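One structure below.
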Amino acid sequence: MRALELLAPARNLEIGIAAIDCGADAVYLAGPAFGARQAAGNSLEDVKSLCDYAHRYGARVYVTLNTILYDEELEQAFLLAQAVREAGADALIVQDLALLRFKELHPDSFNMPLHASTQCSIRTPETARRLREMGFSRLVLERELTMENVRRICSETDAEIEAFVHGALCVCYSGQCYLSAHLNGRSANRGECIQACRSRYDLVDSAGQPLKDAGKNLAVDRTLLSLRDLKMLDHLGEMADAGVMSFKIEGRLKGLSYVRNVVAAYSDALDRIVNASRGRYCRASFGVSRRNFTPDVNRSFNRGFTDMRGLDRWACLDAGKALGEQIGIVESLRRKGGSMEILVRDCRTVLHNGDGLAFIGADGRESGFKADVCEGRRIICKPVKGLRQGTRLWRNYDTAFEREVGRGASRMLRSSLIFKSSVIAEGCFRIELISESEDGRRFETVREIHSELARDRQRMQEILTAQLSRTSGIFIFDPVSIEGELPMLGAARINALRREIAEGLDSMECHRRPILNLSAQTQSSAEGKSLFPEVADYSYDVSNAMAAEIYRRGGSRYVYPAYELSLKGISPRWSDSGPAGAELMRSRYCILRELGYCRKTPAYQRLARQNNLEGGIFIRNNGRSFRLGFDCALCEMTVTRP
């Protein structure tokens, strides 16, 4: 039986607990520093509190320490790694290989599993095997992989494989994006990304002229690099069969409502897969989520969805923000005093007062407004600039659904309970209670109770079953078995017995399911192994001497500094040179394919005849241009400095 893990993001302690309650098997969050989301740090006290809560259900907590590290930061990073381990974290998610070296040097004080972050750009079996051999027990795959690539990686390594299933997509291969650092020095590898991919661009030739087709501009002032959000809800079974064991939701900057809703939806989907697997799969943690809402991922923040399969559209070319669900078209607009009345045509959606609505204006930019009063297809709101008759409307905030999700959830552990009773003297009973939780904890207690024999045994049995089946703490007792001669017991006494059993079970550690390679030890000290190419260029993100040492010992004769160091003009003693002509991005996404002009099609030939493409194709934003490259053999696009 193979355990499947739903891994949820947590910006803070409250959201982490909510994720566990809604069905997550594990949670990932940042500690006080060095997480790849600068705005999502957490104190060690909160990390410990979340670990304590998660471990009650056999769930796990992973801490992100997944930025590249500079030499002067290594000591602080190592101390933090030890501190989160002491706080109860189950693994570290890391990018910088210096953490492997630290584990090698301190095997006793830092015996902690390390997960290779998606920032390690794991997209080939060769990279996967190398990282596993170095000592990573889990590999977090690149988001843009085909299912065939996922299947190959899973089949060629014994590491745990974790893959993203929902949330925002980086247009670039993870860990290989230098556009933000190039534009203003804020590095994505340091958790400082400015999200330049969500900006608006023109598609131009080498002279700066917009590309045209039939006399019309092909793409001017559009979000050409902004991808839709990933949604793999219908592909989880296929991913599990390929070998994925951890299904990761993106969103360490997302709010409470988003995490609750998305986690609940994916937890239900995994449960269906487990239930249909005939014992092949199980969930990685224990418990049942009792929710006060029905999940629907389409009603939480999203930029539209893609599964990055087939020929579906990957990008949201007209909006870098969420538009939500389409509700209809503006039929008429009328000013009424200081308000505006809107009638919506083809509206089949039930709108609510306070809903957030959005539209694309005549300038091609997204705008939003709040619906103050909604009556059927009639909306009353403050005057909205740029809204016209015939404009398509979307709802990106559903007040009724948000209230429903706000009611939250609780998580219960199922436990059996046997109530045995026997007469040991007149008016005296021996009561034995035996309970075993679904994770295997067992608690027994024996009590002597003075009471009369119940005159109506069936009625007393019904009362005992009803009271003992109620929840206590995090436990729900089902099934309940009643045996022997029954004393007359009131509800208060029965409830006290039930609470005693629950407290006894909760005082024990949860018997967590084993995770593959949990005790994997680093092998980075193995000499003579050619783990790396002769030249480790800037794309290997080497930013400190300790990581450089690992590369040299692994076979690299020349180790270039990370792009971030070269940008600052730093030439470390361990480096050989800096990047020349560096790619700022490489992606499986292609603007030409997205627009319908794949270079392998007649449409592109027509485009080439109408435009001067000899000097190349560029994207331009605020007077700055970047050259696009097209590696059609690999079906990849690059963005470089001109």
Side-chain angles (χ1 to χ4, degrees), residues 36-39 143-144 167-206 208-211 217-230 250-251 253-254 301-306 308 313-324 358-368 386 394 396 563-564 567 582-595 616-630 636-642:
R37 295 289 186 275
Q38 276 200 339
R143 276 170 266 204
E144 295 187 13
L169 282 166
C170 292
V171 67
C172 177
Y173 287 137
S174 300
Q176 306 289 287
C177 182
Y178 309 104
L179 183 59
S180 176
H182 174 75
L183 288 171
N184 72 352
R186 292 177 56 184
S187 166
N189 283 321
R190 299 276 294 167
E192 303 166 336
C193 183
I194 63 171
Q195 294 194 326
C197 55
R198 303 296 181 189
S199 297
R200 307 183 79 86
Y201 295 89
D202 303 332
L203 192 63
V204 300
D205 62 20
S206 58
Q209 296 300 309
L211 301 192
N217 289 335
L218 189 61
V220 171
D221 195 32
R222 303 186 76 183
T223 50
L224 294 175
L225 296 176
S226 181
L227 296 192
R228 300 181 183 189
D229 288 354
L230 182 66
E250 182 276 339
L253 295 179
K254 294 295 197 297
F301 177 97
N302 68 83
R303 300 176 179 87
F305 291 116
T306 176
M308 304 189 79
R313 293 301 182 192
W314 291 11
C316 41
L317 296 174
D318 295 313
K321 300 178 182 178
L323 288 175
F359 64 97
I360 303 294
D363 60 357
R365 295 177 179 269
E366 68 270 19
S367 298
W394 286 264
N396 57 12
Y563 185 87
E564 289 78 3
L567 199 66
E583 290 179 1
L584 300 177
M585 283 186 174
R586 178 173 283 267
S587 175
R588 214 177 117 230
Y589 163 77
C590 175
I591 291 175
L592 290 181
R593 185 194 71 84
E594 187 73 15
L595 294 172
I617 299 176
F618 299 78
I619 53 173
R620 180 180 60 193
N621 172 274
N622 291 327
R624 305 184 73 166
S625 296
F626 302 92
R627 180 186 292 272
L628 299 181
F630 304 96
E636 294 178 338
M637 182 186 75
T638 62
V639 179
T640 61
R641 293 176 292 182

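Predicted, not measured: the structure shown is a model, and the values here were computed from it.
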- Query: If every non-hydrogen atom of Glu366 is compared with every non-hydrogen atom of Asp318, which pair is closest and at what distance?
  - Reply: OE1-O, 3.4 Å

- Item | Main-chain N/O of Gly364 paired with Arg200 side-chain donor or acceptor, under 3.5 Å | yes

- Item | side chain to side chain contact (heavy atoms under 4.5 Å, CB included) assessment of Val639 paired with Leu628 | CA-CA 5 Å; Val639 179; Leu628 299 181; 3.8 Å; yes

- Flag, side chain of Asn217 to backbone of Ala219, donor-acceptor distance under 3.5 Å: no

- Task: State, yes or no, whether a side-chain contact exists between Tyr589 and Leu227 at a heavy-atom distance under 4.5 Å.
- Result: yes

- Note on the structure: Those residues at least two apart in sequence (or on a different chain) that pass side-chain hydrogen bond (donor to acceptor under 3.5 Å, both in side chains) with Asp229 are Arg303

- Task: For Trp394 and Gly324, work out which heavy atoms get closest and say how close.
- Result: CD1-O, 3.3 Å

- Message: Quick check with a 6.0 Å cut-off and a 45 degree axis cone: is Arg588 positioned over the face of Trp314's six-membered ring?
- Response: no

- Would you say the side-chain atoms of Arg620 pair up with the backbone N or O of Gly208, donor to acceptor, closer than 3.5 Å? yes

- Intermediate values then yes/no, side chain to side chain contact (heavy atoms under 4.5 Å, CB included), Asn621 and Asp202: CA-CA 7 Å; Asn621 172 274; Asp202 303 332; over 6 Å; no

- Task: Report yes or no: does Thr306 contribute a side-chain atom to a donor-acceptor pair with the main-chain N or O of Leu230 at less than 3.5 Å?
- Result: no

- Would a 4.5 Å heavy-atom cut-off, applied to side chains only, mark Arg143 and Ser174 as touching? yes

- Task: List for me each residue that meets ring-ring contact (aromatic ring centres under 6.0 Å, His included) alongside Phe359, sequence neighbours excluded, and say none if there are none.
- Result: none

- Item | Cys316 to Thr223 - nearest heavy-atom pair and separation | O-OG1, 2.5 Å

- Task: Might you point out which heavy atoms bring Cys197 and Met585 nearest each other, and give the distance in Å?
- Result: CB-CE, 4.4 Å

- Task: Report yes or no: do Glu583 and Thr638 form a side-chain donor-acceptor pair below 3.5 Å?
- Result: no

- Message: Run Glu144 and Ser587 through side chain to side chain contact (heavy atoms under 4.5 Å, CB included) and show every step you take.
- Response: CA-CA 8 Å; Glu144 295 187 13; Ser587 175; 3.4 Å; yes

- Query: Aromatic rings His182 and Phe626: how do their planes relate, parallel, tilted or perpendicular, breaks at 30° and 60°?
  - Reply: perpendicular

- Item | Chi angles and distances behind the side chain to side chain contact (heavy atoms under 4.5 Å, CB included) call for Leu169, Arg228 | CA-CA 7 Å; Leu169 282 166; Arg228 300 181 183 189; 6.0 Å; no

- Message: Could you check whether Asp221 pairs with Arg365 (Lys NZ or Arg NE/NH1/NH2 to Asp/Glu carboxylate O, under 4.0 Å)?
- Response: yes

- Do any N or O atoms from the side chain of Glu192 and from the backbone of Ser187 form a donor-acceptor pair under 3.5 angstrom? yes

- Query: Any idea which heavy atoms bring Ser180 and Cys193 closest together, and the distance?
  - Reply: OG-CA, 3.6 Å

- Query: Hey, does Ile591 have a side-chain heavy atom less than 4.5 Å from the side chain of Leu224?
  - Reply: yes

- Met637 side chain reached by Arg593 side chain, heavy atoms, under 4.5 Å: no

- Query: Nearest heavy-atom pair of Glu250 and Ala168: which atoms, and what distance?
  - Reply: OE1-N, 2.9 Å

- Task: To the nearest 0.5 angstrom, please state how far the OH atom of Tyr178 sits from the CZ atom of Arg586.
- Result: 11.5 Å

- Less than 4.5 Å apart, any side-chain heavy atom of Asp205 and any of Ile617? no

- Does a donor on one side chain and an acceptor on the other come within less than 3.5 Å for Ser226 and Arg198? yes

- Task: Tell me yes or no: between the side chains of Glu636 and Tyr173, is some donor less than 3.5 Å from an acceptor?
- Result: yes

- Query: Would you call Leu203 and Val220 a side-chain contact if the rule is heavy atoms closer than 4.5 Å?
  - Reply: no

- Item | Close side-chain approach of Arg222 and Leu595, heavy atoms under 4.5 Å | yes

- Message: Can you confirm whether Arg313 sits close enough to Glu594 that some side-chain heavy atom of one is under 4.5 Å from a side-chain heavy atom of the other?
- Response: yes

- Task: Look at atom CG of Asn622 and say whether more than 12 heavy atoms of other residues, nucleotides or ligands are closer to it than 6.0 Å.
- Result: no

